[in-house]
Every structure is written in C-alpha cells, then in structure tokens.
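One structure is given here, and the rest of the page talks about it.
Residue numbers begin at 1 in each chain, while the letters A, B, ... track the order of the sequences.
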Amino acid sequence: MKPSIPRGTRDFGPAQMSKRNFIFDAIRKVYQRYGFQQLETPTMENLSVLTGKYGDEGDQLLFKVLNSGDFAKDLTAEMTNQGYKKMLPAIAEKGLRYDLTVPFARYVVMNRGELQMPFKRYQIQPVWRADRPQKGRYREFYQCDADVVGTDSLICEAEIVLMIHEVFRNLGVNDFTVKINNRKILSGIAEVIGVPGQETALCVAIDKLGKIGQQKVEEELSERGFLADTILKLQPVFSLGKDQNQLLTDLKTWLKDSETGLAGIAELEKVMQYVAHFGLQDPRVQVDITLARGLSYYTGAIFEVKANGVQIGSVAGGGRYDNLTGAFGLPGVSGVGISFGVDRIYDVMDELGVFPDNQTASTKVMITNFDATAEVFGLGVLKKLRDAGINAEIYPEAVKIKKQFEYADRKQIPFVLIIGSEEIETGNLALKNLQTGQQRPLRLEEILAELA
RNA sequence: GACGGCGUAGUUCAGUCGGUUAGAAUGCCAGAUUGUGAUUCUGGAGGUCGUGGGUUCGAUCCCCAUCGCUGUCCCCA
C-alpha cells in the first residue's frame, strides 16, 4: 500500500508549521488586542445548518459525512431511482463546515441568552470545500475570522480597517491595499440604472472588472439579460474612481435619486472619518465601487485586501451582514467581520521573502549520550536546563557521537553540550557552538547563564 | 462540468527515432575519523519505469483503457 493524502489536502512539516504559526500568532494577537474572544465550533455541523446558506453551488461543495453504522438502512428503492439528491437526507445528516461564519451564526442563536452583546468573537479553524483544487485553492484550508454581532456601529468597520493594517505590518507585508465598498452603493447603482433588486447579477459581473476588463463585463451583462440602454447607464462605474477625492463627490451626484445609494456613501464616509480619528499612519484604504465579492449576504461595508506586487488573489476579505442569524430564527442581528486567508498570506510572504529567519530552531541545546554513566549524569543536567527555561533535549541513545552531532546539525540546534567521563570528573562541561564551531569547558551555572 | 500536461530510485528529474545490463543529482547506509556536525574522499543499498490490456521477435518508450497528480476555463472566496 502506497500512502497518500486526499487531493486538495496538505501536510505541514515542522518548517512550514513554524512559519504558519508566525502568521496565526500575528493575527491572534491583533484580534485579542481589539477585544475579540476565541470561539471554536465542531468540525462537523448538521447538514440542516449548512445547506441552503451558500447557494445551490455551495450545497454541492459541501463535504457530507455518511451516517454511522448501516447508513443505507433508511434507503428505499424509490429514493435510489430519484437520484443522489433524494438519497442524501437518508444517508447523511452531517457535513464538514464550509466556512466559519455560518457556524458562528448558529452559535449566536443557540446561545443568545448568554452572550454579552455586542459579541466580539474570533475563530481560527480549518474549513472544507469539495471543490476542484487549483493553484491557491485547496479542499482544506484555514480561515481566521473576527466578527462583531449585535451592533451596527461603524466603529467596527473602522477597527477592521485598523486590524488589517496591523496584521500585515506586523507580518512584514507593507505594500498592500485595503479595498472598501458598500453594498448599498451597489444597490443604489442598480436603482439608478433601472434594475432595482438585480444588484446580485450586476455584482457578479462587475466584480470581475479587474480580471476580465470592461468589454467582457458588458458582454456578460448582456448575456444575463441586461438591456443595452441599461449597460449604457452603467458607464460611470467604469469612469469613476480614478481620483479618490473626486470619487465620492461624483458618486453622490450620480446616485442623488437613490436613498439607499446615498446612505451607502454616507456610511463609507463615516468609516473613513473614524479611521482618520484613530490616527492610522499611512492608511492604505482605497474606495473601489467595483468591489462586490460573491457573498450575497453582505448588506453594508465590503472589504478586500490585496498584496501588491504578488500574483495572488485577495489575502483577506469581509463585510457587514444585517441578517445572518435570520436563517436560524433570530432576525435583526447585525454583524460585521473580516477573514484572513492564511494559506494565501503564506504564499505571499514566501514570495516576498519576509519570513523571519531561524523560525525552525526550537531546541537550543542538545546533550550528548556517551554511555550509561554519562546518560544518567546528563539527565540531571537536562532537568536543570529545562527548569531554567532553556529548550533542551538529550540524544536518547548512546550511538556514535558523529551521528549525534549530525542530528543536532540537521535539526539546527545551535549548541551541543558534551558530557563524557572527563567532563563528569572535572565538572567542566564542554559546550560547543555549532554555528561558530567554538567549544569551551564551562561550569553548569555558567552554561545556564549563557543559554538563558 | 470542458480541455491540456505529467506519472521512471526516498526526493527532484534525465533517458530510449521501440533493442537485450534504465542513469544523474540529492538523500540514505557504511568506512576514512571507535569523543565532535554542516566541508572532503571511498564504497554500498535502493526501480513490478502508476496499473491493466493491445501492437511487436522485443514495450519504460507506440496504441487503448483505468487510476492518480497537476494546470486552465466554468464556478467559488
């Protein structure tokens, strides 16, 4: 049997894990500093929680978990004949989580009596999608979400902008753009061009502007049944936005007859004001009215972060949703959140070469193992090293010293503590620095001071 | 769902216009150096050439099928 892992999944070795943890730690630290509390939810959710939340396509991308035991016991011939969609409820009642937002919404509804609102939670866990893997797209990947529910204060949006800046700057990724838009502006545009309520179809096409260009977007809109006259009225979308200062002014003029549109502009301005009040240094925020993002549940602000100079899609995204918990019987709870894509951030940082060195080294000193006597002596020393807070290990077998040194070298352990009969006798232990090659006889107290 | 590329040593890859004994680098093991790594030198192990079938005197190579990996489009964040 040749071992293998399911397609679209990956192993992360020690070297990768230390880099990934560097990213996780940076995000977690910022989340905590902004007052978010951690939540974890089960890997599996009941399918009733998951289905219908991500559209028809989304339902297909859910990993379903076969019922335990005789999963086919409730199957009837009739179901079998009607195809897999009819069989599904009989053989699977659980599925793997598809994102962190829906499980969060479920949690909020289930614990509504207990939660102190506004509730600020962060969640760092893997999600699964039965998608076809491609570059930068996996079947198992991590999301790092932070959401605030129970308030529609635009301070939350502003804080998200701040957190994005902190996270990327802490990671050493300094050239990035935070694109921001508002769903109400998109609704306003739909109203003004005479297709109110059709902004979803509009968004799907407009969202691709940066990717496929104006002409293709117009073609796609045409295919989706938008009239030539309507598309003509849409022209300001393509021409606006070159000058950030002028953009909102022009937009107000264009959307002057749409109450919703003007509300969206006002919200956006307010968020920008808050960001200014925070005194954020060198803000990288850019209003982009073509930013739509796929999710249909966004109702207010929409965010997306791009790392500049790297050919990788967005590295973080989020927005405000007014009624996420409505599907679980709790309407009127507004929320806003952000999600960082660790896997893509990893790729960006790797490409930019901004990971700090020496992330792999975890053991600081290794004690050699010559024989039974030295081993016993070494164990006592080892305990003292560890008690002093020094990451240390002893080579577990009395094999050839050459092998032991090779082990330390490969594991990038910076120091080897050589303890043989001579050292035990004199009490001067030989500490070798593998980077410089230097070796000195030292008392244990001196070693503890040196390595601490 | 549509189309393309690739499956050869642990790993990364050569290779053969179809020819008898399939190579390199690296890694691994051993020795030079039985108390000193990363360098150097020497030797060694390691392959059903993805799987099944076909064509052929002969297939790792050509054909078909199948499985797996990977990429683009669609889709999706």
Side-chain angles (χ1 to χ4, degrees), chain A residues 1-10 13 53-62 98-102 127-139 141-145 179 200 203-205 207-208 210-212 216 220 223 291-298 302-306 312-319 337-345 361 365-371 373-374 378 395 398-425 429-441:
Chain A
M1 199 265 309
K2 255 191 184 167
S4 63
I5 56 175
R7 102 184 280 202
T9 66
R10 297 155 296 162
K53 309 297 187 300
Y54 310 105
D56 293 338
E57 286 288 336
D59 286 354
Q60 300 229 321
L61 296 179
L62 288 172
Y98 181 90
D99 69 2
L100 301 179
T101 313
V102 165
V127 301
W128 292 267
R129 297 188 185 178
D131 206 354
R132 216 179 151 140
Q134 283 172 46
K135 188 175 183 179
R137 271 166 78 177
Y138 304 98
R139 291 180 134 174
F141 59 98
Y142 270 75
Q143 290 193 337
C144 306
D145 282 25
K179 291 186 176 181
T200 304
C203 287
V204 170
D207 196 32
K208 293 180 186 166
K211 217 174 179 180
I212 60 177
K216 294 264 182 176
E220 186 165 334
E223 279 168 30
L291 174 64
R293 295 178 56 83
L295 287 182
S296 51
Y297 53 67
Y298 288 128
I302 303 170
F303 302 104
E304 183 164 285
V305 185
K306 290 223 164 195
I312 290 173
S314 63
V315 288
I338 181 74
S339 179
F340 288 90
V342 173
D343 304 81
R344 285 185 173 177
I345 293 174
V365 57
M366 185 200 80
I367 300 174
T368 58
N369 188 335
F370 276 99
D371 50 43
T373 317
Y395 198 89
V399 297
K400 267 188 253 181
I401 286 305
K402 180 184 164 74
K403 278 213 79 103
Q404 302 189 27
F405 268 88
E406 268 174 9
Y407 171 84
D409 182 52
R410 288 286 291 268
K411 209 170 160 181
Q412 293 183 45
I413 298 172
F415 293 95
V416 171
L417 188 55
I418 301 144
I419 302 178
S421 55
E422 218 174 283
E423 285 79 7
I424 295 173
E425 210 168 299
L429 311 181
L431 183 69
K432 177 163 182 172
N433 181 326
L434 288 198
Q435 268 133 42
T436 64
Q438 277 186 346
Q439 187 171 321
R440 291 182 296 160

Quote, to the nearest angstrom, the C1' distance that separates B/rU21 from B/rA65.
32 Å

Output the rounded distance in Å from [atom1] ([X]) to [atom2] ([N]).
X        : N      : atom1 : atom2 : answer
A/Leu417 : B/rU36 : CG    : C1'   : 13 Å
A/Phe415 : B/rG37 : CZ    : P     : 18 Å
A/Glu304 : B/rA77 : CD    : P     : 12 Å
A/Tyr138 : B/rG71 : OH    : C1'   : 13 Å
A/Tyr407 : B/rA38 : OH    : C1'   : 16 Å
A/Asp371 : B/rG35 : CG    : C1'   : 11 Å
A/Asp409 : B/rG27 : CG    : P     : 12 Å
A/Gln439 : B/rU36 : CD    : C1'   : 7 Å

What residues form a side-chain contact (heavy atoms from CB on, under 4.5 Å) with A/Gln439, not counting sequence neighbours?
A/Ile418, A/Ala430, A/Lys432

Tell me every residue that passes side-chain contact (heavy atoms from CB on, under 4.5 Å) with A/Asp343, counting only those two or more places apart in sequence or in another chain.
A/Arg10, A/Phe12, A/Arg20, A/Tyr138, A/Phe141, A/Tyr142

If you assign each of A/Pro133 and A/Gln143 to its closest nucleotide in RNA chain B, which residue comes earlier from the 5' end?
A/Pro133

Side chain of [X] - closest among [options]:
X        : options               : result
A/Glu423 : B/rG37, B/rG35, B/rC3 : B/rG35
A/Ser421 : B/rG1, B/rC75, B/rG35 : B/rG35
A/Arg132 : B/rC76, B/rU36, B/rC3 : B/rC3

Look at the side chain of A/Arg344 and the backbone N and O of A/Ser314, then say whether any donor-acceptor pair between them is shorter than 3.5 Å.
yes

Flag, side chain of A/Gln143 to backbone of A/Ser339, donor-acceptor distance under 3.5 Å:
no

Using atom names, set out every protein N or O paired with an N or O of nucleotides 39-42 of chain B below 3.5 Å, distance rounded to 0.1 Å.
none

Each stem that RNA chain B is part of, given as range with range (3 or more consecutive Watson-Crick or G-U pairs, under 3.5 Å):
B:1-7 with B:67-73, B:10-13 with B:23-26, B:28-32 with B:40-44, B:50-54 with B:62-66

What's touching nucleotides 28-30 of chain B from the protein side, N or O pairs under 3.5 Å?
residue : atom : partner  : partner atom : Å
B/rC28  : OP1  : A/Arg410 : NH1          : 2.4
B/rC29  : OP1  : A/Lys403 : NZ           : 3.2

Mind checking what makes ring pair (Phe, Tyr, Trp, His ring centres under 6.0 Å) contact with A/Tyr407, not counting sequence neighbours?
A/Tyr395

